[in-house]
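To start, the structure under review is shown below, and the notes come after it.
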Amino acid sequence: MSEWITFPFPKCPSCGKQWGENYHKDCVFNGQLLVEPYQRQVKCESCSAQWYILDSKFYCYCGYEFYPSEVEDALSTTQLLRQRLLQKLNEMDSYERSIVSKSQNSFKEWIFDISYEIGKALGITVSKAQEIIKNFFDKWSF
């Protein structure tokens with residue numbers, strides 16, 4: 001199974017900074033770099049250039065240039081899989097937040113619709129009907 005993931009910038013031994021994305025230095029579009037951990041390939045998302053992961057050079061904003069051994073250490077399979085796992089967990093978390101938000105919005109719409117119908121039937125305002133419904137749920141909820 002081939003899957004391209006965000007290519008993390010390793011921790012700089014000079015300034016100590018690191019970040020989750022990496023960009024193609026020589027690309028005219030400054031494309032984001034992706035990595036395929038099993039095939040150990042890197043590609044630029046914009047210009048589609050590909051190369052072997054250990055042929056990568058890192059240049060930190062502080063001016064530090066990584067040695068090949070530092071690149072190899074930083075991009076071990078364990079590190080790449082850890083990055084992939086964190087990315088998947090973030091995607092799952094985002095998906096769950098989206099479900100909660102949609103559920104809450106749907107419930108609010110349902111409350112408004114039913115409040116409108118109750119208000120119309122009893123000859124009261126929607127806000128008064130919502131207050132009656134809220135009091136009902138407050139009284140009968142566990």
Side-chain angles (χ1 to χ4, degrees), residues 1-121 124-142:
M1 182 174 132
S2 176
E3 189 169 358
W4 294 92
I5 61 174
T6 303
F7 193 35
F9 188 84
K11 186 175 182 178
C12 176
S14 177
C15 69
K17 292 183 180 173
Q18 71 180 101
W19 42 89
E21 296 174 349
N22 214 343
Y23 295 93
H24 190 190
K25 181 178 180 271
D26 298 325
C27 177
V28 292
F29 305 109
N30 195 29
Q32 185 176 349
L33 295 177
L34 302 174
V35 63
E36 206 297 308
Y38 300 107
Q39 296 177 6
R40 309 214 42 93
Q41 292 284 311
V42 178
K43 76 174 179 182
C44 173
E45 197 173 43
S46 295
C47 71
S48 299
Q50 284 190 24
W51 59 92
Y52 185 61
I53 203 167
L54 293 181
D55 293 335
S56 299
K57 291 183 179 177
F58 286 98
Y59 301 94
C60 185
Y61 287 120
C62 74
Y64 184 81
E65 182 179 344
F66 286 73
Y67 293 105
S69 62
E70 293 171 319
V71 172
E72 187 173 3
D73 290 344
L75 300 175
S76 69
T77 302
T78 303
Q79 287 293 339
L80 293 173
L81 291 177
R82 178 185 167 275
Q83 174 72 15
R84 180 68 182 137
L85 178 62
L86 290 173
Q87 185 179 355
K88 280 292 183 191
L89 289 173
N90 286 335
E91 287 173 8
M92 290 171 57
D93 189 44
S94 174
Y95 185 69
E96 286 178 8
R97 282 195 307 265
S98 171
I99 290 172
V100 168
S101 176
K102 287 178 182 175
S103 297
Q104 288 174 339
N105 289 338
S106 175
F107 184 70
K108 286 177 184 174
E109 283 181 31
W110 180 78
I111 290 291
F112 180 82
D113 290 345
I114 203 150
S115 299
Y116 177 80
E117 293 300 325
I118 289 172
K120 189 172 145 185
I124 58 175
T125 63
V126 171
S127 60
K128 183 67 178 170
Q130 286 176 333
E131 185 180 321
I132 292 170
I133 291 170
K134 182 183 178 308
N135 288 339
F136 175 80
F137 281 113
D138 286 346
K139 185 175 182 178
W140 295 103
S141 65
F142 299 103

Drop me the distance from [X]'s [atom1] to [Y]'s [atom2], to the nearest 0.5 angstrom.
| X | Y | atom1 | atom2 | answer |
| --- | --- | --- | --- | --- |
| C44 | N22 | SG | CG | 10.5 Å |
| S56 | L33 | OG | CG | 7.5 Å |
| I5 | L85 | CD1 | CG | 10.5 Å |
| Q50 | D55 | CD | CG | 12.5 Å |

* Y52 vs V42 side-chain heavy atoms within contact, under 4.5 Å ->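 The answer is no; the side chains never approach within 4.5 Å.
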* Asked: Side chains of K17 and K11: closer than 4.5 Å at any heavy-atom pair?
  -> no
Side-chain donor/acceptor pairs under 3.5 Å, residues 125-134, sequence neighbours excluded:
| unit_1 | atom_1 | unit_2 | atom_2 | d |
| --- | --- | --- | --- | --- |
| T125 | OG1 | S127 | OG | 3.3 |
| T125 | OG1 | K128 | N | 3.2 |
| K134 | NZ | D138 | OD2 | 2.8 |

* Asked: Any idea which heavy atoms bring K57 and E65 closest together, and the distance?
  ->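 In this case the closest contact between K57 and E65 is CD-OE2, 4.1 Å.
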* **Heavy-atom closest contact (V35 atom, I53 atom, distance)** =>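 Residues V35 and I53, closest heavy atoms: CG2-CD1, 3.4 Å.
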* Non-neighbouring partners of E91 that pass side-chain contact (heavy atoms from CB on, under 4.5 Å), sequence neighbours left out -> R84, Q87, K88
* What pairs with Y64 under side-chain contact (heavy atoms from CB on, under 4.5 Å), at least two apart in sequence or on another chain? -> C12, P13, S14, C60, C62, F66, Y67, E70
* To do: Not counting sequence neighbours, which residues clear salt bridge (Lys or Arg N to Asp or Glu O under 4.0 Å) with D93? List them please.
  =>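 Here the qualifying residues are R97.
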* Mark yes or no for whether Q32, through its side chain, and E45, through its backbone, hold a donor-acceptor pair below 3.5 Å. => no
* Asked: Just wondering, more than 12 heavy atoms not from Y59 lying within 6.0 Å of its OH?
  -> yes
* Contacts of type side chain to side chain donor-acceptor pair (under 3.5 Å), residue Y23, not counting sequence neighbours ->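 Testing Y23 for side chain to side chain donor-acceptor pair (under 3.5 Å), a comparison that skips the adjacent residues, returns E21.
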* Find out whether the Lys NZ or Arg CZ of K43 is both under 6.0 angstrom from the six-membered ring centre of W51 and within 45° of the ring's axis. =>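 Output no; distance or angle outside limits.
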Listed pairs under 3.5 Å, donor-acceptor, residues 102-119 side chains, sequence neighbours left out:
| unit_1 | atom_1 | unit_2 | atom_2 | d |
| --- | --- | --- | --- | --- |
| S103 | OG | I99 | O | 2.9 |
| N105 | ND2 | S101 | O | 3.3 |
| S115 | OG | I111 | O | 2.6 |

